[in-house]
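So you know, we letter chains A, B, ... as the sequences are listed, proteins then strands, and number each from 1.
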Amino acid sequence: MTPELEFHIPADDVPERVTLFADVILPLPLPKLFTYRIPLEMSDDVLVGARVLVQFGTKKVLSCVVARVHEQAPTDYQAKYILEVIDEKPVVTGPQLKLFSWIAEYYMCTLGEVINAALPAALKLSSESKIQLHPQFSEETNEWPLTAHEEKILFALRQKPHLTFTEAGQLLQLTSFHKIIKSLLLKEVIIIYEEIAEKYAPKVVKKVRLAPAFTTDEATLEELFNQLATKAKQLDVLLKYVQLNPLLQDMALNEHGVEKNLLTSNPHLSLSAINTLIKNGVLEQFDVVVSRFPVAEGRGPYLASELSPDQASARDEVLDHFNSKDTVLLHGITGSGKTEVYIDLIQKAVDAGGQVLYLLPEIALTAQIVTRLKRVFQDRLGVYHSKFSDNERVEVWNGILSGRFQVIVGVRSSVFLPFHSLSLLVVDEEHEPSYKQHEPAPRYNAREVALMMAHFHGAKTLLGSATPSVETYYHCQTGRWGLVNLHVRYGEAVLPEIELVDIRRESLRKNMLSHFSQKLVHDMEDTLHRKEQVILFQNRRGYSPFIDCNDCAWIPKCRNCAVSLSYHKFSNELRCHYCGYHERKPNECPACGSTMLKTVGFGTEKIEDELKLLLPEARIQRMDLDTTKRKNSHQQIIEDFEQQRTNILVGTQMVTKGLDFEHVSLVGILSADSIIHFPDYRAHERAYQLFVQVSGRAGRKGKPGKVIIQTANPNQTIFERVIENNYLGLYEQEIAERQKFRYPPFVRIIKITVKHPEAKPCEAAAIALAKDLTDRLGRTGILGPEPPHIFKIRNLFLQEVHVKLDRDGGRLRFSKNQIQEAVFHLLQSKDFKNLRVAIDVDPA
DNA sequence: AGCACGCCGACT
DNA sequence: GTCGGCGTGCTC
């Protein structure tokens, strides 16, 4: 026996005492990972996907996510130690890390930016500098004279154990309080330390229960009641308590207690009696951490949805396609009941033990749809909405990690949630432009991210739309994705009748009442007489997009952006829709003093206003960004309309999605033209989608609906397509043009926006960039630079360079690298300072 | 993104 | 003469 063998100890039993290192993702726009040293005692605790605390730079302490653990000590710098392990278990899953890397690479941003967008704010910890009294400081021994400002800080620190820098700044009302802090530090009056505030706060409920001594047996309890026989008020409280919590049946129930609220808010009980009972130790108070998404009481059996024969066969076709394809498009007209098909498929996935993500555009995620899903999936359903508080987000996040939520219905950002075993993704309204995030990075499209998630999880994706995007339909046509049609309206509902009104002709005939054709007004009156409802769509908020002076043609412009200011009558303000700048509407023209300032064009607010005059009996509600800012206002407006407390709903895009109103029989599109002539290669596709979506609001549940489209030019093929419900016609035309003029899906577009506070350098930088890109990638496919339609936003001039890349061929990675290098060089260049560059892959 | 180090105008 | 402006560059 050789000594080696004799003394051999299996490696599993005694871990090697090698120093481990962790590459971490900091939530910052930095292009690389940072390597920290793992203290030996933490060797077993630092897990990939968990958060750790590190010092970054000279003082800041931040939480970051571990991406990799390894043994390679960095050679060219000294790694700092990880300070603390925050999570015992990963908060970011393996598939998520893969996905985040893909997003960073595909959308040309940093992993830090992805993590930053992905994690709820409460999971991102960072330290704040605070000051407190120096432990050795005392007034007597202090030998330094203090200034008035310094005394002020000292005084504050005697009231409060510590101050944040901001608090100190506010206290002194000085912009430069730093020097005072410095001086106090030098005089050893204070010390500075970094504190990391816990941001997530669990929801705590105050409860009360009987002190355990009284609940040993029924006799003890009875004795207590006897003792309190003369204290009527206290007895009332106890009787209520045992009524709410039936101890007499089971003493063990006492431990759970009842919510203190249930007693204190009861008008028949005396608050002081409750407090006396607590004070005397009869009742004890305790805190319980509860979920912000309480489990529904009495969870019943799952409610199976009933599919119509058409829906059932669509479902079967989808499943059939899934045998050979990962992605299927369900092309179903409005009202065909796509949701039922989704629910059925989600149900199947859930029964098989998989997780499901159901994506919806923001405005389509309404209480209507959540209620419907809750009925089926009950407490296994999690909702992820942008109006959720950060604490709620953390609970959804953790609920997925823990397995509590199996189905998530959510908006764009729910693609970042920590799924570990997705088996199905549903992207409803897949054509929706709002799936694309514009600002800030990562400028991702949730539909594309969903497809990649499916890839990493080995899951299937179901896309759904009544008006699929041209790209998606193309992939179905080439056979890459499956296509299932559902073109029968569910129930007796029939497609609405669509009528065009030529507003130019009507105007000549003096048949227009401001922005309303007589036809539209008559039909609205009819509809209201029949006790039915109207939806009016106008794709512009505010009262008018601008005002102008009748005498000198002066138009108020935003001081920060290259746009005219919109007039908002309610607040009597001129507002910029791009930067938020606003001012009072002047009564006279600042240029010539004329009082003849008139509004030009019209938005939802003006429509609402004029409607009040035209139909004084009608109850009108407006739904746009301005009326839905408060958390529940959106819901309230929908509810009022649903309950027929309002008759006419005037709104922007918001009125077009996901709302089923039973009594709407007339839909009016006030001006179709601005939508059709939008300067974008997708304008026709978008216009078609919008018209079909709006029209879909009319005539559900057996009532034939009517749609009136007002236009200055009714002889456009797009209207024919809408009226005939001819999606294929639109698709054929669009795809041919996309091929001819090299647009997606035949090429990929990357938009590079150069921003600079001055016009000239902005242009010069953009020209330099375009030149560099041409040198690197060749002449074809580099377009611009040219200023965008709105060439200045928030005091930054803009120039755009578009790069078109062939979709086939493996040059994508190479081209992106070249772009990244070109941009990097531009930003390094000494010729251009104050430059900012934004890269947008697949711009919407 | 912070934050520190580094070079030019208005103040004790 | 200093204080302090914010322009550049680094952070494991």
- request: Please list, chain by chain and in numerical order, all residues satisfying ring-ring contact (aromatic ring centres under 6.0 Å, His included) with A/F293, sequence neighbours excluded.
  value: A/F388
- request: Hey, could you give me each pair passing side-chain hydrogen bond (donor to acceptor under 3.5 Å, both in side chains) that has a residue in residues 112-127 of chain A? Not counting sequence neighbours.
  value: A/T110-A/E113, A/N116-A/K124, A/S127-A/E194
field: Base versus backbone protein contacts along nucleotides 6-12 of chain B [heavy-atom cut-off under 4.0 Å; B, S, -]
entry: -------
message: Going by the rule side chain to side chain contact (heavy atoms under 4.5 Å, CB included), which residues pair with A/P556 if we only count those two or more places apart in sequence or in a different chain?
response: A/I547, A/W554, A/L565, A/L574
Enumerate donor-acceptor pairs with a distance under 3.5 Å from any side-chain N or O in residues 24-40 of chain A to protein atoms, sequence neighbours excluded.
unit_1 : atom_1 : unit_2 : atom_2 : d
A/T35  : OG1    : A/D23  : OD1    : 2.9
A/T35  : OG1    : A/Y77  : OH     : 3.4
A/Y36  : OH     : A/Q55  : O      : 2.8

message: Run the side chain to side chain contact (heavy atoms under 4.5 Å, CB included) test against A/P95 and tell me which residues pass, sequence neighbours left out.
response: A/T93, A/H457
Only distances under 3.5 Å count here; give the side-chain donor-acceptor pairs of residues 445-453 of chain A to other protein atoms, sequence neighbours excluded, each with its distance to 0.1 Å.
unit_1 : atom_1 : unit_2 : atom_2 : d
A/N445 : OD1    : A/R447 : N      : 2.8
A/R447 : NE     : A/E430 : O      : 3.4
A/R447 : NH1    : A/E430 : OE1    : 3.4
A/R447 : NH1    : A/S469 : OG     : 3.4
A/R447 : NH1    : A/T472 : OG1    : 3.0

- line: With B for base contact, S for sugar-phosphate-only contact and - for none (protein heavy atoms under 4.0 Å), nucleotides 7-12 of chain C reads -SS-BB
field: side-chain hydrogen bond (donor to acceptor under 3.5 Å, both in side chains) partners of residues 781-794 of chain A, not counting sequence neighbours, each pair once
entry: none
Contacting residues from residues 114-131 of chain A, given that a heavy atom lies under 4.0 angstrom of DNA chain C: none
Nucleotide N/O of nucleotides 1-3 of chain C paired with protein N/O under 3.5 Å:
none

For A/E392, side-chain hydrogen bond (donor to acceptor under 3.5 Å, both in side chains) partners two or more places apart: A/S389
